[in-house]
Amino acid sequence: MGIVYHEGSKIFQIHTKNTTYMMGVYAGIHLQHLYYGKNLTDPDCAYLFPQQETPGALHGMKRGGVDFFGTMPFEYPAFGTGDFRGTALTVRSIGGHRACSLAYEGYRIMEGKPELPGLPATFGDKAQTLELCLRDAVLGLKVLLRYSVFDDSDAILRSTTVVNEGPERVYLETALSACIDMPNEDYDVTTLHGTWARERNMQKRPVTHGKLTVDSVAGRTGHENHPFMMLTSPGATQKQGDVYGINLVYSGNFLARTELDHLENLRLTIGVNPEGFEWPLDPGERFDTPEAVLVYSSEGIGPMTRTFHDLYRNHLIRSPYLYRERPILINNWEATYFDFNEEKLVDIAREAKAAGIEMLVMDDGWFGHRNNDESSLGDWFANPEKLPGGLSRLAERLREEGMQLGIWLEPEMVSPDSELYRAHPDWAIQVPGREITMSRHQYVLDLTRQEVRDYIFDSIAAILQSAKISYIKWDMNRSLTDIGSADLDPEHMGQFYHRYVLGLYSLQERLVRQFPELLLENCTGGGGRFDPGMLYYSPQIWTSDNMDPIQRLLIQEGTALVYPLSTMGAHVCVAKNHCNGRVTPLHTRAHVAMAGTFGYELDITKMSPEERAQCAQFNAKHHQYSHINREGDYYRIASARENGVYDCWQVVGKDRKEFLLTYVQVRYESRPRRLQLRLEGLEAKALYRLSGTEQVYSGDALMKAGYPMNMLWGDNNSVLLHFEMLPNETGKGSKICK
Ligand code: DGJ
């Protein structure tokens with residue numbers, strides 16, 4: 001474990017428990033990528049340097065460097081001097097030239113992990129960091145490549161800082177976070193794509209020649225693509241095969257790309273999208289890229305997923321709610337949309353409380369004069385017609401009912417029909433002389449401006465100080481268009497997108513620092529900004545507006561490929577579902593929502609007494625078992641996406657003493673089969689009892705032969721099972737099979 005430099009071979013090795021990442025300095029100049037994969041300890045890996053002639057220009061010979069640069073496995077490739085593949089760094093000089101060549105200068109190995117100024121990033125004490133310094137002597141540009149590891153994780157964290165140590169301004173046109181050049185092994189690449197109400201679907205296809213890019217230019221991560229890529233060796237499964245996952249801790253325009261070149265070299269890059277980006281860097285200034293997270297597994301997809309989950313839980317999410325029991329909430333959006341008032345909310349709260357629900361979240365429509373989506377964003381004071389006693393009386397009445405209050409806000413937005421917009425029309429992002437492209441009747445506020453951020457912060461702080469509010473749902477319902485800020489001069493307008501994201505981060509940073517007990521849930525018109533950047537501020541994110549459990553199987557499978565279950569906002573909806581009209585049993589809606597944060601989004605006063613009694617049982621069960629989902633190890637056992645019939649996942653407590661098994665059958669088959677669900681992560685020698693029965697199984701048999709699941713009757717049916725390890729005769733430890 002740890003970071004080692006081998007002076008003789010000029011090779012850097014970064015070791016985690018199960019992986020090794022290796023780079024070397026070739027010919028004293030070029031930082032080359034040598035290896036990323038299963039852990040290896042051989043210090044003398046000099047044979048891994050490509051056996052190629054070095055470029056003449058750099059060594060007094062007269063042969064060309066183009067072939068060399070064009071195929072060299074660069075650790076951080078720069079544009080303009082012979083590498084024609086997708087670049088990590090493009091720099092324009094004041095003279096308009098785009099040429100950069102980075103030479104190795106030195107390194108340092110540090111204990112700990114430095115912060116990334118203004119950016120969310122992983123953190124933790126037991127860390128080591130390697131910083132490599134490269135330089136373009138002509139531009140006077142210093143490039144610092146950082147690699148950090150934590151003692152308890154197989155992830156490698158990368159970020160890059162560019163410092164202008166030259167005499168003149170330069171312009172960064174591309175500055176990505178990470179690049180990995182590796183030999184092609186016929187990998188497949190899996191990405192997460194979607195749209196509103198259908199976010200993060202997994203799509204796998206072969207890596208082919210040329211570039212395959214997923215990106216966003218919408219000013220947010222977006223519903224459409226995701227800053228994540230997974231390379232898998234042919235035939236890789238949950239349990240076997242080589243798997244590389246890469247994810248970006250960022251919430252704005254991104255790019256992730258595979259590129260297979262003519263000599264079968266594979267390049268994987270990730271970072272801020274160069275499209276719409278230009279960053280002038282004056283002498284003495286620095287630019288920090290967001291952090292990229294790299295995870296390799298030699299034992300299939302499952303370990304990659306669990307490495308991401310543990311990393312984000314242990315080293316990214318700061319909220320005190322991370323491992324805390326979260327309140328079961330009921331949100332009124334699909335129950336009432338804009339048509340509610342204090343009495344209606346109190347009625348819902350009363351019935352909800354009787355069923356064991358603990359918090360009412362008042363969604364969109366409580367402020368200004370908002371009765372539809374055409375007005376009032378920015379006017380964050382209670383609508384007197386709906387809430388005559390304001391937020392404080394509502395909170396008080398809910399408290400009397402034994403319920404907490406949470407509220408919806410959309411702080412980044414302004415309606416043209418609002419007091420805020422009439423007072424500050426220039427606070428909306430816009431291009432002078434051009435009508436702002438409308439979306440959902442709203443404009444986006446210019447978060448690059450301090451006064452705008454202050455207004456937003458003060459508004460939220462005043463709300464939180466005026467009433468006992470325990471939770472905020474921070475929504476964001478449109479993309480950024482017509483990019484222009486009254487505060488940025490033409491030279492700096494290319495900074496806008498990134499500055500917007502930095503502005504968002506600084507706002508949420510202020511909020512969680514000033515109100516540390518606030519439970520914050522980010523949301524973006526469903527799940528359009530579900531990314532590690534936002535998880536740094538909020539322990540949960542609304543996953544999708546689609547709560548139909550069958551559609552949710554796909555959404556939650558894709559989301560949980562990377563993100564812990566405890567982060568997925570998930571509610572029980574009505575049947576018919578509002579997004580697709582599907583009718584499903586109440587227990588299936590609940591079982592799927594229990595894989596996430598768990599709550600309701602329906603009018604509980606309209607449910608039958610039997611249904612409400614069922615909800616009370618779900619709530620009790622959720623509280624009994626939700627710690628397993630929050631803390632445990634997630635195993636994907638089967639996927640309805642692949643088999644068309646059933647979905648199954650398992651979550652095992654870290655101590656392996658109990659686990660949950662969720663089986664959802666999307667399609668009933670006549671003359672059904674009996675399935676043998678091969679479980680994972682159990683104590684082989686222990687005995688587990690299925691709760692509520694006398695059935696006992698050995699861990700070994702459950703993992704090898706599987707759990708016998710009789711198919712359920714009908715489509716869209718489900719069961720959620722809990723198993724507990726039997727104590728041994730002394731009551732301590734587990735009962736072991738003889
Ligand atoms: C989009 C969110 O995803 C929904 O849950 C809801 O809050 C609406 N916005 C309200 O406008």
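Throughout, numbering of the chain's residues begins at 1 and tracks the sequence. For ligands, and for the atoms within them, numbers begin at 1 and follow the listed sequence.
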May I have a table of the N/O to N/O pairs between ligand 1 and the protein that fall below 3.5 Å, each row giving the two atom names and the distance to 0.1 Å?
residue: ligand 1; atom: 3 (O); partner: G526; partner atom: N; Å: 2.7
residue: ligand 1; atom: 3 (O); partner: D545; partner atom: OD1; Å: 2.5
residue: ligand 1; atom: 3 (O); partner: D545; partner atom: OD2; Å: 3.1
residue: ligand 1; atom: 5 (O); partner: K473; partner atom: NZ; Å: 2.7
residue: ligand 1; atom: 5 (O); partner: D545; partner atom: OD1; Å: 3.2
residue: ligand 1; atom: 7 (O); partner: D363; partner atom: OD1; Å: 2.7
residue: ligand 1; atom: 7 (O); partner: D363; partner atom: OD2; Å: 3.3
residue: ligand 1; atom: 7 (O); partner: W408; partner atom: NE1; Å: 3.0
residue: ligand 1; atom: 7 (O); partner: K473; partner atom: NZ; Å: 3.0
residue: ligand 1; atom: 7 (O); partner: D475; partner atom: OD2; Å: 3.4
residue: ligand 1; atom: 9 (N); partner: D475; partner atom: OD2; Å: 2.7
residue: ligand 1; atom: 9 (N); partner: N477; partner atom: OD1; Å: 3.4
residue: ligand 1; atom: 9 (N); partner: N477; partner atom: ND2; Å: 3.4
residue: ligand 1; atom: 11 (O); partner: D364; partner atom: OD2; Å: 2.6
residue: ligand 1; atom: 11 (O); partner: R440; partner atom: NH1; Å: 3.0
residue: ligand 1; atom: 11 (O); partner: R440; partner atom: NH2; Å: 2.9

Checklist entry - Are side-chain N/O atoms of Y500 and E412 paired as donor and acceptor at under 3.5 Å? => result yes

Checklist entry - K606: what forms a salt bridge (Lys or Arg N to Asp or Glu O under 4.0 Å) with it, not counting sequence neighbours? => result D603

Next on the checklist: Going by ring pair (Phe, Tyr, Trp, His ring centres under 6.0 Å), name the residues that satisfy it together with Y471, two or more places apart in sequence or in a different chain.
Outcome noted: none

Next on the checklist: So, using ring pair (Phe, Tyr, Trp, His ring centres under 6.0 Å) as the criterion, who are the partners of W380 when residues are at least two apart?
Outcome noted: F367

Item to check | Point-to-point distance, once rounded to the nearest 0.5 Å, from CZ of R350 to CE of M403 | outcome: 11.0 Å

Checklist entry - Which heavy-atom pair separates G406 from I469 by the least distance, and what is that distance? => result CA-CG2, 4.4 Å

